Amino acid sequence: YKIRIGHSGVGSSTHLISVIMQNMTGCKATLIPLKRNSPLLSGEIHAMAEVLTAAVRLWKAKKFNIIVHMTGKKNAVIPDVPTMQDMGYDIAFDHFRGVSVPKGTPEAIKAKIADAIMKAAKSKSFMALAKSKGFTVDPTGPVEFEKMLAKRNKIVADIMKDAGIYRSKKFKD
């Protein structure tokens with residue numbers, strides 16, 4: 001293919017976003033795992049799927065353009081950049097983070113950890129950092145997070161199958 005799109009590694013969220021964009025738009029490209037944005041800046045690749053917080057500084061410096069983002073909502077840091085939904089595609093692929101504990105961790109310990117994380121995530125300093133960097137803070141508790149993971153797992157598995165990179169192993173308890 002003549003078009004080369006960079007991403008942060010096979011199986012990463014940015015790789016999956018590259019696959020989604022190819023599938024939805026019909027564009028065929030060579031997907032290239034990268035460690036930095038420099039191949040985009042030097043012209044070695046034509047486009048790149050990247051997490052906003054990793055790209056926003058270079059975008060603000062006018063080193064490249066952000067043409068679309070995959071989140072479900074507009075981002076205040078890049079208000080003029082359309083979402084895929086704005087462009088007529090039925091997709092919202094938000095990045096997320098979670099915290100895991102070993103199986104068998106007592107409920108009281110899990111509750112204490114979850115409470116500490118919720119307080120930190122909602123703190124004024126963390127919310128100010130999120131606003132300046134362009135990421136959304138939407139903390140949920142363990143039950144809601146498990147539901148979201150189950151739903152997201154199917155979506156991610158389907159994308160990986162379509163890309164030919166799906167591998168699954170059943171782990172023993």
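Worth saying up front: this structure is predicted, and the values here are computed from it rather than measured.
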Do the side chains of Met70 and Val19 join up, straight or via other hydrophobic residues, at under 4.5 Å, putting them in one cluster? yes

With a 4.5 Å limit on heavy-atom distance, are the side chains of His69 and Ile78 in contact? yes

Given the rule in the side-chain contact (heavy atoms from CB on, under 4.5 Å) test, do Met48 and Ile5 qualify, once you have shown the distances and angles that lead to the verdict? CA-CA 5 Å; Met48 183 165 191; Ile5 300 175; 5.6 Å; no

I'd like to know if Lys110 and Glu107 make a salt bridge, using a cut-off of under 4.0 Å between side-chain N and carboxylate O. yes

Quick one: are Ile159 and Ile155 in side-chain contact, heavy atoms under 4.5 Å? yes

Over all heavy atoms of both residues, which pair between Ser132 and Lys60 is shortest? Give the atoms and the distance, please. O-NZ, 4.1 Å

Reported CZ-to-CZ distance for the pair Arg152 and Phe93, which is rounded to 0.5 angstrom: 5.0 Å

On a heavy-atom basis, which atom in Lys63 and which in Leu41 lie closest, and how many Å separate them? CB-CD2, 3.6 Å

When you measure from the side chain of Gln22 to the backbone of Ala29, do you find a donor-acceptor pair of N or O atoms at a distance under 3.5 Å? yes

Could you tell me which non-hydrogen atom of Ala92 sits nearest to which non-hydrogen atom of Gly72, and how far apart they are? CB-CA, 3.5 Å

Decide yes or no for Ile91 and Met24: does some side-chain heavy atom of the first lie under 4.5 Å from some side-chain heavy atom of the second? yes

Sub-4.5 Å side-chain heavy-atom contact between His7 and Ser12: yes

Verify, without hydrogens or angle tests, whether Thr105 (side chain) and Val101 (backbone) share a donor-acceptor contact under 3.5 angstrom. no

Sub-4.5 Å side-chain heavy-atom contact between Met127 and Val137: yes

Using the rule that two of Ile, Leu, Val, Met, Phe, Trp, Tyr join whenever any of their side-chain heavy atoms come within less than 4.5 Å, decide whether Val143 and Met148 are in one cluster. no

In Å, rounded to the nearest 0.5 Å, how long is the span from CE of Met160 to OH of Tyr166? 9.0 Å

Phe96 and Phe135 aromatic centres sub-6.0 Å: no

Check whether Asn75 reaches the backbone of Val77 with its side chain - one donor and one acceptor, N or O, closer than 3.5 Å. yes

Beyond-backbone contact of Ile3 with Thr30, side-chain heavy atoms, under 4.5 angstrom: no

Mind checking the NZ-NZ spacing from Lys122 to Lys119? Nearest 0.5 Å is all I need. 11.0 Å

Does either side chain, that of His95 or that of Ser13, offer a donor lying less than 3.5 Å from an acceptor on the other one? yes

Would you check, one step at a time, whether the test side-chain contact (heavy atoms from CB on, under 4.5 Å) holds for Met87 with Val68? CA-CA 9 Å; Met87 296 177 72; Val68 66; 3.5 Å; yes

What is the distance from atom CD of Glu50 to atom CG of Leu52, rounded to the nearest 0.5 Å? 9.5 Å

Considering all heavy atoms of both residues, which atom of Gly9 and which atom of Thr14 are nearest to each other, and what is their separation? N-OG1, 4.5 Å

Phe145-Ile117 co-clustered via ILVMFWY side chain contacts under 4.5 Å: no

Shortest non-hydrogen pair, Val81 vs Ile66, comes out as CG2-O, 3.5 Å

Please answer: with hydrophobic residues joined when any side-chain heavy atoms are less than 4.5 Å apart, are Ile67 and Met84 in the same cluster? yes

For the backbone of Gly141 and the side chain of Glu144, can you confirm whether one donor and one acceptor N or O come within less than 3.5 Å of each other? yes

What distance do Asp158 atom CG and Asn23 atom CG have between them, rounded to the nearest 0.5 Å? 11.0 Å

Surrounding CZ of Arg57 (heavy atoms of other residues, nucleotides or ligands, distance under 6.0 Å), is the total greater than 12? no

Say whether Met21 and Leu31 are linked into one hydrophobic cluster, either directly or through other cluster members, by side-chain heavy-atom distances under 4.5 angstrom. yes

Any sub-3.5 Å donor-acceptor pair from Arg4's side-chain atoms to Glu44's backbone N or O? yes

Rounded to the nearest 0.5 Å, how far does CG of Asp94 lie from OG1 of Thr71? 5.5 Å

Report yes if some heavy atom in the side chain of Lys73 is under 4.5 Å from a heavy atom in the side chain of Thr136; otherwise report no. no

Flag the pair Lys74 and Asp86 as a salt bridge only when some basic side-chain nitrogen lies within less than 4.0 angstrom of an acidic carboxylate oxygen. yes

Nearest non-hydrogen partners of Gly6 and Leu34, listed with the distance: CA-CD1, 3.5 Å

